[in-house]
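Note sheet for the following structure.
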Amino acid sequence: DTEVTQTPKHLVMGMTNKKSLKCEQHMGHRAMYWYKQKAKKPPELMFVYSYEKLSINESVPSRFSPECPNSSLLNLHLHALQPEDSALYLCASSQGQYRDGQPQHFGDGTRLSIL
Amino acid sequence: QKEVEQDPGPLSVPEGAIVSLNCTYSNSAFQYFMWYRQYSRKGPELLMYTYSSGNKEDGRFTAQVDKSSKYISLFIRDSQPSDSATYLCAMRSLYNFNKFYFGSGTKLNVKP
């Protein structure tokens with residue numbers, strides 16, 4: 001089991017649905033990340049929150065909307081997704097920008113399928 | 001040119017072999033280096049984390065960093081079938097703690 005918990009593990013949704021992915025960590029980390037991973041590819045950075053503020057947005061389409069309600073929680077709101085958005089969505093956390101360099105820890109992801 | 005290059009494999013070895021996995025990079029500001037193991041349908045699992053040049057050992061795993069050559073390696077001794085997975089290298093610069101750069105991953109198959 002990982003220390004970064006993601007729910008749900010699997011999600012199937014239609015292109016007109018609205019859903020949310022959730023991520024939680026209790027390691028006291030102050031940076032949290034969303035990645036998208038397609039099969040046989042490395043994780044691709046989408047968003048970074050540092051101290052609950054959005055610090056990196058890698059030009060992700062607006063149908064993906066991140067939210068960081070507090071230092072332990074990270075959400076990704078989904079609306080009007082396209083079939084090409086089907087992928088494994090990974091959440092990660094790390095100590096944060098103002099701490100000595102530390103690695104990221106990943107959750108096991110949400111496998112998303114768009115019908 | 002990608003910032004991090006990694007041979008995608010697949011790499012197939014017999015059980016008990018020593019495995020060498022490698023990445024090269026182009027950004028001399030990279031100071032922090034990580035290796036992750038990812039099983040199918042799971043998230044990446046941190047194996048090794050090193051700062052700057054040198055070696056670090058943890059059980060059957062040794063991470064090696066050569067900053068002068070911009071080259072990092074992960075060695076797995078006495079490889080086991082359970083080591084069969086995709087191995088990702090990752091690195092981060094001194095100037096942006098919040099951005100990690102990944103290699104494309106090497107798929108390893110250890111045959112019993």
Side-chain angles (χ1 to χ4, degrees), chain A residues 1-6 9-10 21 23 25 27 29-58 68 87-113, chain B residues 2-11 21 23 25 29-52 56 58 61 63 65 67 72 74 85-109:
Chain A
D1 288 344
T2 67
E3 295 180 84
V4 177
T5 304
Q6 291 188 243
K9 292 191 186 309
H10 303 276
L21 309 184
C23 175
Q25 58 87 15
M27 294 180 281
H29 289 174
R30 301 310 297 272
M32 295 186 76
Y33 309 74
W34 280 116
Y35 286 88
K36 173 183 178 181
Q37 187 177 29
K38 299 285 258 184
K40 300 184 181 180
K41 297 287 187 183
E44 180 184 332
L45 184 65
M46 299 174 74
F47 303 103
V48 181
Y49 274 83
S50 178
Y51 290 77
E52 294 93 71
K53 288 187 176 14
L54 185 64
S55 67
I56 296 178
N57 177 341
E58 293 286 345
C68 188
L88 181 68
Y89 287 83
L90 292 162
C91 174
S93 69
S94 68
Q95 289 273 17
Q97 185 172 355
Y98 303 110
R99 306 288 292 271
D100 192 12
Q102 289 292 315
Q104 288 180 318
H105 297 264
F106 284 86
D108 277 336
T110 293
R111 188 157 300 278
L112 178 65
S113 298
Chain B
K2 290 183 185 176
E3 298 212 56
V4 182
E5 298 276 1
Q6 183 176 8
D7 186 336
L11 179 61
L21 303 166
C23 288
Y25 62 95
F30 287 153
Q31 296 279 337
Y32 304 94
F33 305 94
M34 289 136 278
W35 285 96
Y36 290 87
R37 176 175 63 194
Q38 187 172 21
Y39 293 113
S40 181
R41 298 185 172 276
K42 291 284 194 179
E45 172 194 3
L46 181 67
L47 283 178
M48 300 288 281
Y49 170 66
T50 56
Y51 168 67
S52 199
K56 183 176 181 179
D58 184 0
F61 299 94
V65 174
K67 289 190 67 190
I72 68 170
L74 178 71
T86 295
Y87 289 80
L88 293 154
C89 65
M91 44 199 81
R92 184 170 70 183
S93 83
L94 192 58
Y95 306 111
N96 187 347
F97 277 5
N98 287 340
K99 189 153 184 179
F100 292 75
Y101 295 82
F102 284 87
S104 56
T106 299
K107 186 169 175 60
L108 173 66
N109 181 29

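Here is how names work: the chains are called A, B, and so on, in the same order as the sequence lines, proteins then strands, and each is numbered from 1.
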Most chain A-contacting option - heavy-atom pairs closer than 4.5 Å, from Met34(B), Gln38(B), Gln6(B): Gln38(B)

Gln37(A), part contacting chain B, at a heavy-atom distance under 4.5 Å: side chain

Other residues, nucleotides, ligands: >12 heavy atoms within 6.0 Å of Lys67(B) NZ: yes

Side chain, backbone, both or neither of Tyr36(B) within contact of chain A (heavy atoms, under 4.5 Å): side chain

Contact class of Glu45(B) relative to chain A, heavy atoms under 4.5 angstrom: neither

is_close_aromatic(Tyr101(B), Phe30(B)), centroid dist under 6.0 Å: yes

Show me, pair by pair, the donor-acceptor contacts under 3.5 angstrom made by side chains of residues 40-49 of chain A, not counting sequence neighbours?
unit_1   : atom_1 : unit_2   : atom_2 : d
Tyr49(A) : OH     : Pro66(A) : O      : 3.2

Lys99(B)/Glu3(B) salt bridge by N-O under 4.0 Å criterion: no

When Lys9(A), Glu58(A), Gln6(A) are compared by non-hydrogen pairs under 4.5 Å with chain B, the top option: Glu58(A)

Set of residues satisfying side chain to side chain contact (heavy atoms under 4.5 Å, CB included) with respect to Thr86(B), sequence neighbours excluded: Lys107(B)

